[in-house]
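To start, the structure under review is shown below, and the notes come after it.
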Amino acid sequence: MSTALQMTAFGLTLLSTLFLLLATCTDCWMVNADDSLEVSHRCRGLWRECVTNMQDGVRTCDQYDSILADHSVKIVVTRTLMITADLLAGLALATLVLGLDCIKFLKEDPCVKLKMCYGAGVILSIGSILGLVGSVWYAVDVYMERAMLVSHNIFLGVHYDFGWSCWLGMAGSSGCLVASVLLICCLY
């Protein structure tokens, strides 16, 4: 039972960590959501903004000036939270690998291996909460920006909706949270 639970938590942690890393690195946190016919598809991310021509598929991206430049609070906070969540999820994954029963590291001391799995669950829970806060913070800010424009009857030609990177960040963070619950609560 314990080995199956560990392997389930490991698989979920691995997949969720990959989702978090992809969400942080990709550039489609906000996507244009116009109902009119669009000739281009525009995505905004944490690191750059990209436009894809729908007719010929040509994609051009504009990098943000600098990491240290003046950016909106939404981008700075989301970057910080997502990078921290990525680092914590990676650390938890490494700790979990060493704590698995099927790994020969510290095979003679099962109590230490169990504590490593528990520690990985604690680290993973902190990382998952940070990732959820970052993803939801960004999504709420996109929604509030859109609601403010609609309430003032302002139409700029393009309005944005949540992109797949935002959803990927939420899914990865939720998966990490479920894996941490498995490791913390169910393993004991």
Side-chain angles (χ1 to χ4, degrees), residues 1-31 43-47 72-147 161-188:
M1 175 70 175
S2 175
T3 305
L5 189 62
Q6 285 180 350
M7 295 311 288
T8 302
F10 171 73
L12 188 57
T13 303
L14 181 64
L15 184 66
S16 300
T17 302
L18 289 174
F19 280 3
L20 277 174
L21 286 170
L22 280 173
T24 305
C25 297
T26 53
D27 54 11
C28 202
W29 281 74
M30 289 172 57
V31 63
C43 283
R44 285 188 185 169
L46 302 177
W47 311 103
S72 66
V73 173
K74 168 178 61 178
I75 289 179
V76 173
V77 169
T78 305
R79 279 181 183 174
T80 304
L81 290 171
M82 292 305 289
I83 290 171
T84 306
D86 292 343
L87 292 173
L88 288 174
L91 177 64
L93 185 62
T95 306
L96 180 59
V97 165
L98 294 175
L100 292 175
D101 288 338
C102 59
I103 303 296
K104 293 184 181 184
F105 179 73
L106 294 172
K107 193 70 168 176
E108 63 278 351
D109 199 358
C111 184
V112 171
K113 289 181 88 63
L114 190 62
K115 286 181 182 179
M116 288 179 81
C117 287
Y118 182 75
V122 170
I123 295 168
L124 199 59
S125 66
I126 295 168
S128 67
I129 290 170
L130 292 176
L132 273 173
V133 168
S135 300
V136 171
W137 166 284
Y138 197 92
V140 166
D141 198 56
V142 169
Y143 176 77
M144 294 302 291
E145 181 181 320
R146 184 174 164 190
D161 211 355
F162 315 132
W164 60 270
S165 296
C166 188
W167 292 112
L168 200 60
M170 288 182 204
S173 299
S174 300
C176 285
L177 188 61
V178 170
S180 71
V181 167
L182 285 176
L183 290 170
I184 293 171
C185 299
C186 300
L187 202 54
Y188 279 103

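Hydrogens, waters and symmetry mates play no part in the numbers below; they use all other heavy atoms, side chains included. All residue numbers in this chain count up from 1 along the given sequence.
With sequence neighbours left out, T26 forms a side-chain hydrogen bond (donor to acceptor under 3.5 Å, both in side chains) with S165.
For the pair T95 (side chain) and A120 (backbone), a donor-acceptor distance under 3.5 Å is absent. Within the 3.5 Å criterion, the main-chain N or O of A23 finds a donor-acceptor partner in the side chain of W29. Of the possible donor and acceptor atoms, one in the side chain of W47 sits under 3.5 Å from a partner among the backbone N and O of T24. Side chain of S16 to main chain of T13: no donor-acceptor pair is present (N/O by atom type, distance under 3.5 Å, no hydrogens or angles). Side chain of K74 to backbone of W137: no donor-acceptor contact under 3.5 angstrom is found.
L20 approaches C176 most closely through the heavy-atom pair CD1-SG, 3.9 Å. Across every non-hydrogen atom of G131 and M82, the tightest pair is O-SD, 3.7 Å. G99 and Q6 make their closest contact through O-NE2, 4.0 Å (heavy atoms, listed as atom of the first residue, atom of the second, distance). Closest of all the heavy-atom pairs between V122 and I184 is N-CD1, 3.7 Å. Across every non-hydrogen atom of A89 and T17, the tightest pair is CB-OG1, 3.6 Å.
Here the straight-line distance linking atom OG of S180 with atom CG of L124 works out to 5.5 Å at 0.5 Å rounding. If you take CG on L91 and CG on D86, they are separated by 12.5 Å, rounding to the nearest 0.5 Å. Atom OH of Y143 and atom CG of D161 lie 10.5 Å apart (nearest 0.5 Å). Note that CZ of R44 and CG of D27 are 12.5 Å apart. Values are rounded to the nearest 0.5 Å. Within the model, atoms CG of L5 and CG of L183 stand 7.0 Å from one another, a figure rounded to the nearest 0.5 Å. The distance from the CG atom of D141 to the SG atom of C166 is 10.5 Å, given to the nearest 0.5 Å.
With W167 as reference, F162 is the one residue of F19, F162, Y138 to meet the ring pair (Phe, Tyr, Trp, His ring centres under 6.0 Å) rule.
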* Please test L96 against C117 for side-chain contact (heavy atoms from CB on, under 4.5 Å), starting from the C-alpha separation and ending with a verdict. => CA-CA 5 Å; L96 180 59; C117 287; 3.9 Å; yes
